[in-house]
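In what follows, residues are counted from 1 in the order of the sequence shown.
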Amino acid sequence: EDMQRIQEKRDQLQKDINRFYQRSATFIPSNLSTIPSEDNETDEWYDIEDEDITFYQSAAFNPADNSSLPPEQQTIPLPSSYGREACHGPLKTLAEIELDLRIGHANDTLRFLRIAIGQKSFLYRSKIRNASSYSKHLRSTGDVNTLQMSIDQAAKVYTSTRAAIEALGAPP
């Protein structure tokens, strides 16, 4: 039953993505090329296994090539995919709107990171250091690990958002 609901949601997401491709053809010329992919170097603390942090791949914007991926892994063509210099006419206006949205998203993500890191620090101080038994220590460590996964995901989101902001030509 749960797997069926997940599949239904994936099917709906795929329909939404296909509809987006149809509508975006009005604003995005077919001869427009995307930003070439770059191998992003990550810091040692940012270790994500089995994932390539490459956000802009030309092949990903072709719906025929994209359809082999599950919908949650498909890349959506937005103005940041093409860079500020390639955005003219209606696409330039969309790029400005996307830039504003991305900046807001980056600020929200940074706020979440600050709060989550504070919570992690609090957990260390209040629960792990003061654990009176090994089982309490293990339970507290599990809480910290769960929070760390949220921090890692938020850092990944921020990295992606920042790459898009830079592609849109925002000043440092």
Quick check: closest heavy atoms across [X] and [Y], and the distance to 0.1 Å?
X: Arg84; Y: Ala95; result: NH1-CB, 4.0 Å
X: Ser80; Y: Ala167; result: O-CB, 3.3 Å
X: Arg10; Y: Pro71; result: O-CG, 3.4 Å
X: Pro79; Y: Glu98; result: CD-OE1, 3.0 Å
X: Phe112; Y: Ser150; result: CE2-O, 3.8 Å
X: Ala155; Y: Leu113; result: N-CD2, 4.1 Å

(Q) More than 12 heavy atoms of other residues, nucleotides or ligands under 6.0 Å from CZ of Phe20: yes or no? (A) yes

Q. Are more than 12 heavy atoms from other residues, nucleotides or ligands located less than 6.0 Å from atom CD of Gln4?
A. no

Q) Asp152 and Gln148: side-chain contact (heavy atoms from CB on, under 4.5 Å), yes or no, with the steps? A) CA-CA 6 Å; Asp152 291 343; Gln148 184 61 47; 2.8 Å; yes

Q: Just jot down the salt bridge (Lys or Arg N to Asp or Glu O under 4.0 Å) partners of Arg23, sequence neighbours excluded, or say none.
A: none

Q. Between Ser160 (side chain) and Lys156 (backbone), is there a donor-acceptor pair under 3.5 Å?
A. no

Q.
Quick check on the hydrophobic clustering: are Phe122 and Leu147 connected, directly or via other members, by side-chain heavy-atom contacts under 4.5 Å?
A. no

Q | Cationic N near anionic O, under 4.0 Å, Arg162 to Glu166 | A | yes

Look up atom [atom1] in [X] and atom [atom2] in [Y], then write down how far apart they are to the nearest 0.5 Å.
X: His105; Y: Thr161; atom1: NE2; atom2: OG1; answer: 4.5 Å
X: Tyr158; Y: Asn107; atom1: OH; atom2: CG; answer: 8.0 Å
X: Asp16; Y: Asp11; atom1: CG; atom2: CG; answer: 11.0 Å
X: Ile151; Y: Asn145; atom1: CD1; atom2: CG; answer: 10.5 Å
X: Ile17; Y: Glu72; atom1: CD1; atom2: CD; answer: 8.5 Å
X: Met3; Y: Gln7; atom1: CE; atom2: CD; answer: 7.5 Å

Q: Output, in order, the C-alpha distance, side-chain angles, deciding distance and verdict of side-chain contact (heavy atoms from CB on, under 4.5 Å) for Gln74 and Leu13.
A: CA-CA 10 Å; Gln74 294 180 20; Leu13 180 58; over 6 Å; no

Q: Check step by step if salt bridge (charged side-chain N to carboxylate O under 4.0 Å, His left out) holds for Asp2 and Arg5.
A: CA-CA 5 Å; Asp2 287 337; Arg5 285 184 35 222; 3.6 Å; yes

Q: Mind running side chain to side chain donor-acceptor pair (under 3.5 Å) on Asn18 and Gln22 for me, showing each step along the way?
A: CA-CA 6 Å; Asn18 292 342; Gln22 291 170 349; over 6 Å; no

